[in-house]
Every structure is written in structure tokens, then in C-alpha cells.
Amino acid sequence: MDDPLRNKLLALLPLRDLESVRERSSVVGYTQGDVVQKEGQEITAVHFPLSGMFSLLVVLKDGRTAETSVVGREGMIGARAGLGAPRRSLVRVVAQLPVQALKISVKEFRNLVTHSAPMAELCVRSADVLLDQTRMTAACNALHGVEQRFCRWLLHTADRAESDHFVLKQELLSEMLGVHRTYITDVANRLQKRGAIAYSRGKLQILDRSLVRDLSCECYGLLKRNSS
């Protein structure tokens, strides 16, 4: 599980650059709910997920949150810092699933980017994907109902968990979707009655993926194509 090639961005690098990242990074693990980066704090490290999923959350003054994007093995956290952008994070980064990742300091990573065109292209690619994902998520949150967004989130999570079985904490999901926990409970109950999912004591299983996809909005397919 600590193979850097599990990260799809790193797998695109020439062997020399891949070895440079490997030599300067360490493998770290995060449990579900861990806050990896707080909003407003200086970004000191870049993460390349090897498994699991990070959620990027906008946090308002009153404490309300909404997910703008997610990152799994297809991407990285901290691309803009690697390109020399301001180091303070505008979002909170949370491990929505247990995550294993390669972690490298921003200082070390910037040095690699300075001397490697493929590394710089990797950062640009990651930043573009996150920007597009944020735009589509904003439209989805504005135009689609909670059930559609819930199903979209389940599918994205299953893709990154590489399993239709995963732990789902209602508190975290309500933060991701920006709705009260009672909405999450109501939607989960409706989906269970339709045979789409099984949900008990925080453990969720997608029983009928085709049905969940039908109940999801078009954004799932758009976001999936965008991140692949």
C-alpha cells in the first residue's frame, strides 16, 4: 500500500522524478475525521494519497461547512503551494475515509518543481482538476436536491474506497453536504426502503449501484470524467 505508483499523478512522472519524490517523502496515515489542514493555516506539506479520500471544506464564520471537492489516488493536496502560490489554506482538509499518503514538505517539493518540468505540469494538472471540480460542485449544490447529492457522494466515496462497503459517519456527511443531520437520516432511510443501500451503526453498503447512479445527478459522471 506504500507504493507511490498507487497515486495516479505520481505514476505519470519519469522514473528519476518519481525517485526524487520517494527519497524526500514519508508515508503517513490518517483516520476518518482527522483534520489534515486547517483553514487559514500555513500549508507546510504536500500530500499524495495512496488510498482513501480527503475532503476539502469551506468553513463559514458561523461554523457551517460545505464540501467543494474531494481528492483520492487520482490527485494531490497542496499543488498551488508547490507552484509558489500563497501558503495559507482557504479550506479545511479532512480525511473523509482512512487515508494513507506520501507526505513531502512544501520546501522540498518546491525545490523539485523548480528543477523538473514534469513536476510543474503535475501541479498545474492537479490545480486545474480541483478548480473544475469546485465549479461543478457549486452548481450541483445550488441546483440539485439533497438525495441526488447524497447519491453522488456515495458513488464518489465508493470509487475512492475501492469498495461498496465503508464507514459513514452522519456528522461528517452533514458537514460535506452542508445540511442538518436529520436530512441525512431521512435520505438514508428512503434509500434503504428502495433497496439501494444498507445502513446500520455507521456502516454503509451500496446494494444496487445502478439504482444509486440513477438517483444521483449528472454531476457524478461529469466529476468522474474530470478526475480520471
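All values below were derived from every heavy atom in this structure, side-chain atoms included, with hydrogens, water molecules and symmetry-related copies excluded. Model, not experiment: these values are computed from the prediction.
- Across all non-hydrogen atoms, the minimal contact from Y30 to A95 is CB-CB, 4.0 Å.
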Test log, rule side chain to side chain donor-acceptor pair (under 3.5 Å), inputs H180 and T182:
CA-CA 5 Å; H180 196 274; T182 55; 3.2 Å; yes
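- In this structure, the side chain of S105 does not engage the main chain of A45 through any donor-acceptor pair within 3.5 Å.
- Between the side chain of Q32 and the backbone N or O of V167, at least one donor-acceptor pair lies under 3.5 Å.
- L122 places a side-chain heavy atom less than 4.5 Å from the side chain of L9.
- Environment of CD in E218: sparse, with no more than 12 heavy atoms of neighbouring residues, nucleotides or ligands closer than 6.0 Å.
- Across all their heavy atoms, C140 and R152 have their closest contact at SG-NE, 3.2 Å.
- Linking Ile, Leu, Val, Met, Phe, Trp and Tyr residues whenever their side-chain heavy atoms come within less than 4.5 Å places L211 and V146 in a single cluster.
- No continuous path of hydrophobic side-chain contacts links L143 to L177 [ILVMFWY only; heavy atoms under 4.5 Å].
- Interatomic distance, Q148 CD to C151 SG, rounded to the nearest 0.5 Å: 8.5 Å.
- Looking only at side-chain heavy atoms (C-beta outward), V58 and T65 stay at 4.5 Å or farther from each other.
- Contact of the E147 side chain with the L215 side chain is registered, since non-hydrogen atoms from C-beta on lie closer than 4.5 Å.
- The minimum heavy-atom distance between V179 and R149, with the atom names listed, is CG1-NH2, 3.8 Å.
- To the nearest 0.5 Å, atom NZ of residue K38 and atom CZ of residue R88 are 13.5 Å apart.
- When all heavy atoms of R213 and L155 are compared, the pair lying nearest together is CA-CD1, 3.7 Å.
- Contact check on R22 versus E19 returns a salt bridge, with a Lys/Arg side-chain nitrogen under 4.0 Å from an Asp/Glu carboxylate oxygen.
- The distance from the CD1 atom of I197 to the CG atom of L191 is 4.5 Å, given to the nearest 0.5 Å.
- Annotation: R64, atom CZ; neighbour count of heavy atoms from other residues, nucleotides and ligands within 6.0 Å does not exceed 12.
- Residues V212 and L207 fall into different hydrophobic clusters, defined by Ile, Leu, Val, Met, Phe, Trp and Tyr side chains chained together at heavy-atom separations under 4.5 Å.
- S163 OG to Q205 CD: the interatomic distance, rounded to the nearest 0.5 Å, is 8.0 Å.
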Any chance you could lay out the side-chain contact (heavy atoms from CB on, under 4.5 Å) test for V46 and L102, step after step, and finish with the verdict?
CA-CA 8 Å; V46 174; L102 283 186; over 6 Å; no
Assess whether salt bridge (Lys or Arg N to Asp or Glu O under 4.0 Å) is satisfied between D159 and R73, documenting all intermediate values.
CA-CA 10 Å; D159 289 344; R73 293 196 299 117; over 6 Å; no
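- Using the six-membered ring where Trp is involved, F166 and W153 have ring planes that are perpendicular, over 60° apart on the 30 and 60° scheme.
- In this structure, N7 contributes its side chain and P49 its backbone to a donor-acceptor pair below 3.5 Å.
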One pair to check against side-chain contact (heavy atoms from CB on, under 4.5 Å): L57 and V91. What are the steps and the verdict?
CA-CA 5 Å; L57 306 175; V91 296; 5.8 Å; no
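- Annotation for G195 and D208: closest pair O-CB, 3.8 Å, computed over non-hydrogen atoms.
- Using a 4.0 Å cut-off between charged nitrogen and carboxylate oxygen, R6 and E162 count as a salt-bridge pair.
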Verdict with supporting geometry, V94 and V36, side-chain contact (heavy atoms from CB on, under 4.5 Å)
CA-CA 6 Å; V94 178; V36 179; over 6 Å; no
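- More than 12 heavy atoms of other residues, nucleotides or ligands lie within 6.0 Å of CZ in R190, so this atom counts as buried by the packing criterion.
- In this structure, L56 and V71 have side chains that are in contact, with non-hydrogen atoms separated by less than 4.5 Å.
- M136 and L131 are members of different hydrophobic clusters when ILVMFWY side chains are connected at heavy-atom separations under 4.5 Å.
- The ring-ring contact (aromatic ring centres under 6.0 Å, His included) check on H144 picks up nothing, with sequence neighbours excluded.
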Could you walk me through whether T31 and D34 pass side chain to side chain donor-acceptor pair (under 3.5 Å), step by step?
CA-CA 6 Å; T31 60; D34 283 352; 3.0 Å; yes
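- Hydrophobic clustering of Ile, Leu, Val, Met, Phe, Trp and Tyr side chains at less than 4.5 Å, counting indirect connections, keeps V35 apart from V59.
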Run the numbers on L5 and L18 for side-chain contact (heavy atoms from CB on, under 4.5 Å), then give the verdict.
CA-CA 9 Å; L5 291 177; L18 181 63; 3.6 Å; yes
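- Taking the side chain as every heavy atom from C-beta outward, R110 and L83 never approach each other to under 4.5 Å.
- Rounded to the nearest 0.5 Å, atoms CZ (R24) and OG (S26) are 13.5 Å apart.
- Side-chain contact check for V70 versus Q96: every heavy-atom pair is 4.5 Å or farther apart.
- Note that CD of E108 and CD of E23 are 10.5 Å apart. Values are rounded to the nearest 0.5 Å.
- A side-chain donor from one of E67 and S55 sits under 3.5 Å from a side-chain acceptor of the other.
- Using a cutoff of 4.0 Å between basic side-chain nitrogens and carboxylate oxygens, E74 and K8 are not scored as salt-bridged.
- Using a cutoff of 4.0 Å between basic side-chain nitrogens and carboxylate oxygens, E39 and R92 are scored as salt-bridged.
- At least one side-chain heavy atom of M76 sits less than 4.5 Å from a side-chain heavy atom of S126.
- Here the side chains of F109 and C123 are in contact, with some heavy-atom distance below 4.5 Å.
- Among all heavy-atom pairs drawn from S116 and D17, the shortest one is OG-OD2, 2.9 Å.
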